[in-house]
Amino acid sequence: MQNFYKSILVLMILGVLSMFVKGYLKQKEIRENQEQTVCKFVLCKDFPKTTKSFFKYKINNQWYREGYGRCPDNYDKKINKYFRLYYSSKDFNKIIVDFSQEIIDTTEILNAGFSSNELE
């Protein structure tokens, strides 16, 4: 019975370790193949113990809607605002959103593929 508990503990440690490695490799890929665009913060979804933020962005005339991390503090004031998005040129679904860089330049937002109707 003691071997069973040791096996479970080893599996849990390997699972946590693999999550950290996966996150590191994602960050590394974005850093090595980094492109940037503008994204729109469209939704903050609540889960029992966490939240997840969702963004809309356009790359190569293709729209993407992707979840990224926890919602920022005071997220209700940031919904429908535009932010800087960094992504991997190899996989457009691997993203990092910089909430400290809110984009307010209308020309930059329109050049990123958003319509003038979305600005209102």
Side-chain angles (χ1 to χ4, degrees):
M1 192 62 136
Q2 193 173 6
N3 286 337
F4 175 74
Y5 291 120
K6 286 181 182 178
S7 299
I8 296 295
L9 181 62
V10 168
L11 286 175
M12 289 174 58
I13 290 171
L14 287 175
V16 170
L17 186 61
S18 69
M19 287 175 29
F20 282 111
V21 169
K22 183 179 175 184
Y24 171 77
L25 292 175
K26 176 183 171 185
Q27 298 289 332
K28 182 181 177 196
E29 181 181 328
I30 293 171
R31 198 171 44 248
E32 291 174 353
N33 305 293
Q34 182 172 298
E35 299 285 335
Q36 64 179 323
T37 189
V38 176
C39 67
K40 183 177 183 179
F41 184 21
V42 293
L43 175 68
C44 179
K45 189 167 185 175
D46 290 316
F47 294 101
K49 293 186 178 184
T50 189
T51 59
K52 188 167 186 176
S53 50
F54 288 88
F55 300 88
K56 176 181 170 183
Y57 55 99
K58 189 175 188 177
I59 300 173
N60 297 336
N61 292 321
Q62 172 93 23
W63 283 104
Y64 295 87
R65 181 176 171 201
E66 191 66 33
Y68 169 76
R70 297 177 60 115
C71 298
D73 295 333
N74 299 324
Y75 71 85
D76 52 330
K77 295 178 182 173
K78 296 181 179 184
I79 295 283
N80 293 322
K81 303 267 175 143
Y82 298 89
F83 297 94
R84 179 74 54 217
L85 177 131
Y86 300 98
Y87 64 93
S88 168
S89 59
K90 291 183 176 181
D91 183 356
F92 301 148
N93 292 310
K94 292 183 179 176
I95 63 172
I96 298 174
V97 178
D98 188 351
F99 282 108
S100 68
Q101 292 188 23
E102 182 178 348
I103 308 300
I104 55 174
D105 181 14
T106 315
T107 306
E108 186 174 0
I109 295 169
L110 293 174
N111 287 341
F114 294 95
S115 69
S116 57
N117 294 342
E118 292 179 278
L119 294 175
E120 297 171 355

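Along the sequence shown, the residues carry numbers beginning at 1.
In this structure, Phe114 has its ring center under 6.0 Å from that of Tyr82. Here the two rings, on Phe99 and Phe55, have centers that are under 6.0 Å apart.
A 6.0 Å sphere centred on CG of Asp76 holds more than 12 heavy atoms belonging to other residues, nucleotides or ligands. Around atom CZ of Phe20, no more than 12 heavy atoms belonging to other residues, nucleotides or ligands sit under 6.0 Å away. More than 12 heavy atoms of other residues, nucleotides or ligands sit less than 6.0 Å from atom CG of Leu11.
Ile95 and Ile79 fall within the same hydrophobic cluster, defined by Ile, Leu, Val, Met, Phe, Trp and Tyr side-chain heavy atoms under 4.5 Å apart, directly or through other members. Taken together through direct or relayed side-chain contacts under 4.5 Å among Ile, Leu, Val, Met, Phe, Trp and Tyr, Tyr5 and Met12 form part of one hydrophobic cluster. In terms of hydrophobic clustering, with Ile, Leu, Val, Met, Phe, Trp and Tyr side chains grouped at heavy-atom distances under 4.5 Å, Tyr68 and Tyr64 are assigned to a common cluster. Side-chain heavy atoms closer than 4.5 Å link hydrophobic residues (I, L, V, M, F, W, Y) into clusters, and following such links, possibly through other members, connects Leu85 to Ile30.
Going from atom CD1 of Ile109 over to atom CD1 of Ile103 covers 7.0 Å, rounded to the nearest 0.5 Å. Atom OG of Ser18 is separated from atom CG of Leu25 by 11.0 Å, given to the nearest 0.5 angstrom. In this structure, SG on Cys71 lies 10.5 Å from NZ on Lys78, to the nearest 0.5 angstrom. The distance from atom OG1 of Thr107 to atom CG of Asp105, rounded to the nearest 0.5 Å, is 5.0 Å. To the nearest 0.5 Å, atom OH of residue Tyr24 and atom CZ of residue Arg31 are 5.5 Å apart.
If you chain together ILVMFWY residues whose side-chain heavy atoms come under 4.5 Å of each other, Phe54 ends up grouped with Val42, Leu43. The hydrophobic cluster containing Leu17, built from Ile/Leu/Val/Met/Phe/Trp/Tyr side-chain heavy atoms closer than 4.5 Å, comprises no other residue. Residues Val10 make up the rest of the hydrophobic cluster containing Leu14, defined by ILVMFWY side-chain heavy atoms closer than 4.5 Å, directly or through other members.
Annotation: side-chain hydrogen bond (donor to acceptor under 3.5 Å, both in side chains) contacts involving residues 32-49, sequence neighbours excluded, comprise Gln36-Arg84. Every pair passing side-chain hydrogen bond (donor to acceptor under 3.5 Å, both in side chains) that includes a residue from residues 51-63 is listed here, sequence neighbours excluded: Lys56-Glu118.
A pairwise comparison of heavy atoms in Ala112 and Val38 identifies CB-CB, 3.7 Å as the closest pair. When all heavy atoms are compared, the tightest approach of Gln101 to Tyr86 is NE2-OH, 3.5 Å.
For the pair Pro72/Phe41, a side-chain contact is recorded, criterion being any heavy-atom separation below 4.5 Å from C-beta on.
A salt bridge links Lys94 to Glu29: at least one charged side-chain nitrogen sits closer than 4.0 Å to a carboxylate oxygen.
Residues passing the side chain to side chain donor-acceptor pair (under 3.5 Å) test with Ser100 are Asp98, sequence neighbours excluded.
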